[in-house]
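What follows is one structure encoded as structure tokens, with my remarks underneath.
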2 protein chains.
Amino acid sequence: MVGSKDVPAPPWRKPRRPPQAKRQLSQELIVETGLRILDAEGFDALSMRRVAQELDTGPASLYAHVSAKEELLELIYDRVLSEVRLPEPDPSRWKEQLRDYAQEMHRVFRDHADVARAALANIPTGENSLRMGEFTYGLLIEAGMPPGEASLAMDRLTLYLVGDAYEGSLHWARMRASGMSSPQEYFEAFVAQIVAYYRALPVERFPHLRDHVNDLIAGDGEDRFTYGLELLLDGIEARMPKT
Amino acid sequence: MVGSKDVPAPPWRKPRRPPQAKRQLSQELIVETGLRILDAEGFDALSMRRVAQELDTGPASLYAHVSAKEELLELIYDRVLSEVRLPEPDPSRWKEQLRDYAQEMHRVFRDHADVARAALANIPTGENSLRMGEFTYGLLIEAGMPPGEASLAMDRLTLYLVGDAYEGSLHWARMRASGMSSPQEYFEAFVAQIVAYYRALPVERFPHLRDHVNDLIAGDGEDRFTYGLELLLDGIEARMPKT
DNA sequence: ACCTGAACACCGTTCAAGT
DNA sequence: ACCTGAACACCGTTCAAGT
């Protein structure tokens, strides 16, 4: 059957849009476009109109594939979570695996800074949210934690991961707004501001803040993330029934 | 001096606006109005135009007292923090005092749910942010923690408090959006949704989520908050140099 | 110094009409 | 079923003009 749909067009023939056909939209295309805008220009740049523009159409066209902006954000979030790789669960090494999982999430959130803003307070119903949930919940339960407590621990760990990522994304937004382009430059300016501000505080009301300014700004985002993560992991370990 | 400004008008004379005078705006008035809208109608209802409307004027008038919406949000945030009461620091009871502090913050954030959205990633420069900072920083340092580490611990604790409050505020927003008015009703509907959804999951891929649904929804917001707080406090305690 | 109306450049979503 | 243009009801911020 020459010309059948199953036979691909020869590669040397330039693909062209059938003149009759309308734009070829799809949910996947919309999600990928949204994510591209999010990564390149940040949360505030992501609008339905902007996505539509990128796809050479009007905003109304998107609503055939996505019920609202909120749904688009959820889809983008789950799309990003698909980049998280999980190992085979090994309950005897639960702490190590939970740490690796957290660092893996941290890495993915760093690559897609602003996606965290779409994450909080959603019921995790996306394919990949469920994957994460099954992994951490199962790990804690199989390691011996009562399910009711495992649920609390999982919930708080997730909140920490997303909260930290969210804070990071706000810093990115500020960096963009201030016109700086390198994180270094932003970070230094940020630190300089803090130092100057705290040094000028009245010493009698804020003795500790004033006397230990240098320590106050010690530690970058990675240090802070890791410190908090270890606090939580140690707390969980202390509650894990002894084997 | 009859008619002097220092003499109040007699109470039986109805106060009236001097016909000549323009609106009597002030930063404080704008902040209080913004907070009232935030508490009553939520974050999404708080716009410069809405605040202006409430004050019988146009949005442009606000910009004489507030540089941008972002500054207004920061001012509202610090205004809310003014409601947080701190005890005299007693380093020998640092853990208890830190717990009380966290619960006090939690209480205030519950009364002003949506204010947490204005809080993340700001340099704490407001009067009251500084008060909180001096309290927790001083408490940890005086209890014997090296300042560099005290800074990390304080930072992570604050992130937890604000992150939890932020998540709570998103739940409020969803409740409002769904037209429900009582938190109970919302909470029950929310739980019912989760249970139904997880029960329908394919058991071979999500065995733990499916088998322990009831445990998954165990614990309300207070339980979850307290559990995470104790995780952090225990982690900090484990790092506190022995006396 | 403070306030204002009008305008600018945006939003998310709906809806009747087209194919 | 999918796509579209036009419209609705909003945004934050600026600016020249008023007092």
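The structure presented is a predicted model; accordingly, all values stated were derived computationally and were not measured. Quick note on labels: first sequence line is chain A, next is B, and so on, each numbered from 1. Side chains are part of it too, since the values below use all heavy atoms of this structure and drop only hydrogens, waters and symmetry mates.
Looking at residues two or more places apart in sequence or on another chain, you find a side chain to side chain donor-acceptor pair (under 3.5 Å) between A:Arg110 and A:Glu222.
Between A:His65 and the phosphate of D:dA1, there is no side-chain N or O to OP1/OP2 separation shorter than 4.0 Å.
Of the candidates C:dT13, D:dC2, D:dT14, D:dC2 carries the atom nearest the A:Ala64 side chain, counting heavy atoms from C-beta on. Residue A:Thr57 places its side chain closer to D:dT4 than to any other of C:dA6, C:dT13, D:dT4. When the nucleotides C:dG5, D:dG12, C:dC15 are ranked by their closest atom to the side chain of B:Ala60, C:dG5 comes out on top. Listed nucleotides D:dG12, C:dG12, C:dC2 differ in distance to A:Lys69; the shortest reach to its side chain belongs to C:dG12.
Remark: the separation of the P atoms in D:dA9 and C:dC10 is 22 Å, to the nearest Å.
The two atoms that bring B:Gly219 and B:Phe187 nearest to each other are O-CZ, 4.5 Å, heavy atoms only. Minimum interatomic distance between B:Ala113 and B:Trp172 (heavy atoms only, all atoms of both residues): CB-CD1, 3.7 Å.
Atom CD in A:Gln27 sits about 16 Å away from atom C1' in D:dC3, given to the nearest Å. Straight-line distance from the CZ atom of B:Arg50 to the C1' atom of D:dC11: 14 Å, rounded to whole Å. A:Gln24 has its CD atom 11 Å from the P atom of D:dT4, to the nearest Å. Going from atom CZ of B:Arg49 over to atom P of C:dC10 covers 15 Å, rounded to whole Å. Note: CG (A:Leu46) to P (D:dC11) measures 20 Å, nearest angstrom. In this structure, A:Leu62 places its CG atom 13 Å from P of C:dT14, rounding to the nearest Å. Atom CD of B:Gln53 is separated from atom P of D:dA9 by 15 Å (rounded to the nearest Å). Whole-Å rounding puts the A:Asp44 CG to D:dC11 P distance at 17 Å.
Base pairing of D:dA9 is not made with any nucleotide, judged by Watson-Crick or G-U wobble geometry with both donor-acceptor distances under 3.5 Å. In this entry D:dT4 has C:dA16 as its Watson-Crick or G-U wobble partner, both defining distances falling under 3.5 Å.
Looking at which nucleotide of DNA chain C each of A:Ser67 and A:Ala45 is closest to, the 5′-most match is held by A:Ala45.
For the side-chain contact (heavy atoms from CB on, under 4.5 Å) with B:Leu46, the qualifying choice from B:Leu73, B:Leu35, B:Thr33, B:Asp114 is B:Leu73, the only one to do so.
Residue-level contact check: A:Ser61 touches the bases, meaning some heavy atom is under 4.0 Å from a base atom.
Remark: side-chain polar atoms of B:Asn128 are paired, donor with acceptor, to backbone N or O of B:Asp78 under 3.5 angstrom.
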